[in-house]
Amino acid sequence: MSSETTVNSGREEGRKTAPGPILLLGAPGVGKGTQAKELIKVWGIPQISTGDLLRGNVAQGTELGKTAKEIMGRGDLVPDSLVNEMVAVRLTQPDTANGYILDGFPRTLVQAGWLDGRLAERVGGLPVVAVSIQVDYNQLLRRITGRRNCPVCQCIYNVYGKPPAKEGFCDVDGAALVQRADDTEKVFAERMRAYEALTAPVVEHYRAQGRFAEVDGDRPIAEIAAGIVTAVGRLRG
Ligand code: AMP
């Protein structure tokens, strides 16, 4: 069976049952955003990327955005209270009723504790399932420094692994691709330090809870997505 077939059959299956809250965990550049976009197609639930929400606030010049801009530029984490509040507001939106894919949250044990408490308050809601995507350091560095984003359709390219047909321009809408300010080698090193110190314990927190899977992220995108769909199906079953 090809990996594409596996994802499609997951799509049929997944739509029958609400997948509930899914957490995508992993170091910067493992492909959480790319996988979230694949999983939206499979399950029809929204992606909630705290990085995207924060960048939206920066672009709009909100108070949160003004605070977050410099912190993000350094590769550090935005304070828990601000991020939790932002996620709390997002989770009140009706499209989250059947589940959602949290991408980049929780990133600290404080955030994980806050989320666990919030989920425990819901009556009859499905428990969270956490999926950690694994990719080795050198591969991550290549992915981060090669990443280019389309500011219009949010498609993600990589100059090494997934270049656009015309260098520097989006295949879908022709917009000029941009590089995130924090996708440089220097900021990547800081983001990895923050990951090891603050986010790696979050992975262990969810591993200890049992509803946890680890998938190899150094494979074609559709294969990884199929692996996640299978793992979530098994954990929910
Ligand atoms: P990402 O797009 O997920 O790589 O996030 C980009 C940056 O946004 C991170 O390096 C942090 O500065 C900030 N950020 C995103 N999510 C969180 C979070 N859950 N907690 C704190 N900071 C975050």
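Order of appearance sets the numbers: ligands from 1, and atoms from 1 within every ligand. Here the structure is a predicted model, which is why all the values come from computation and not from measurement. In what follows, residues are counted from 1 in the order of the sequence shown.
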Any chance you could measure R148, atom CZ, to E167, atom CD, to the nearest 0.5 Å?
9.0 Å
Tell me the closest heavy-atom pair linking T50 and R107, and the distance in Å.
OG1-NH1, 4.2 Å
For Q154 and D52, test the side chains for any donor-to-acceptor distance below 3.5 angstrom and give the result as yes or no.
no
SB check R191 D183 (cutoff 4.0 Å)
yes
Are Y157 and F169, when compared by the centres of their aromatic rings, separated by less than 6.0 Å?
no
Residues in contact with ligand 1, criterion: heavy atom under 4.0 Å:
T50, G51, L54, R55, M72, D76, L77, V78, V83, G104, F105, R107, Q111, R180, D182, R191
Linking Ile, Leu, Val, Met, Phe, Trp and Tyr through side-chain heavy atoms less than 4.5 Å apart, which residues share a cluster with I156?
none
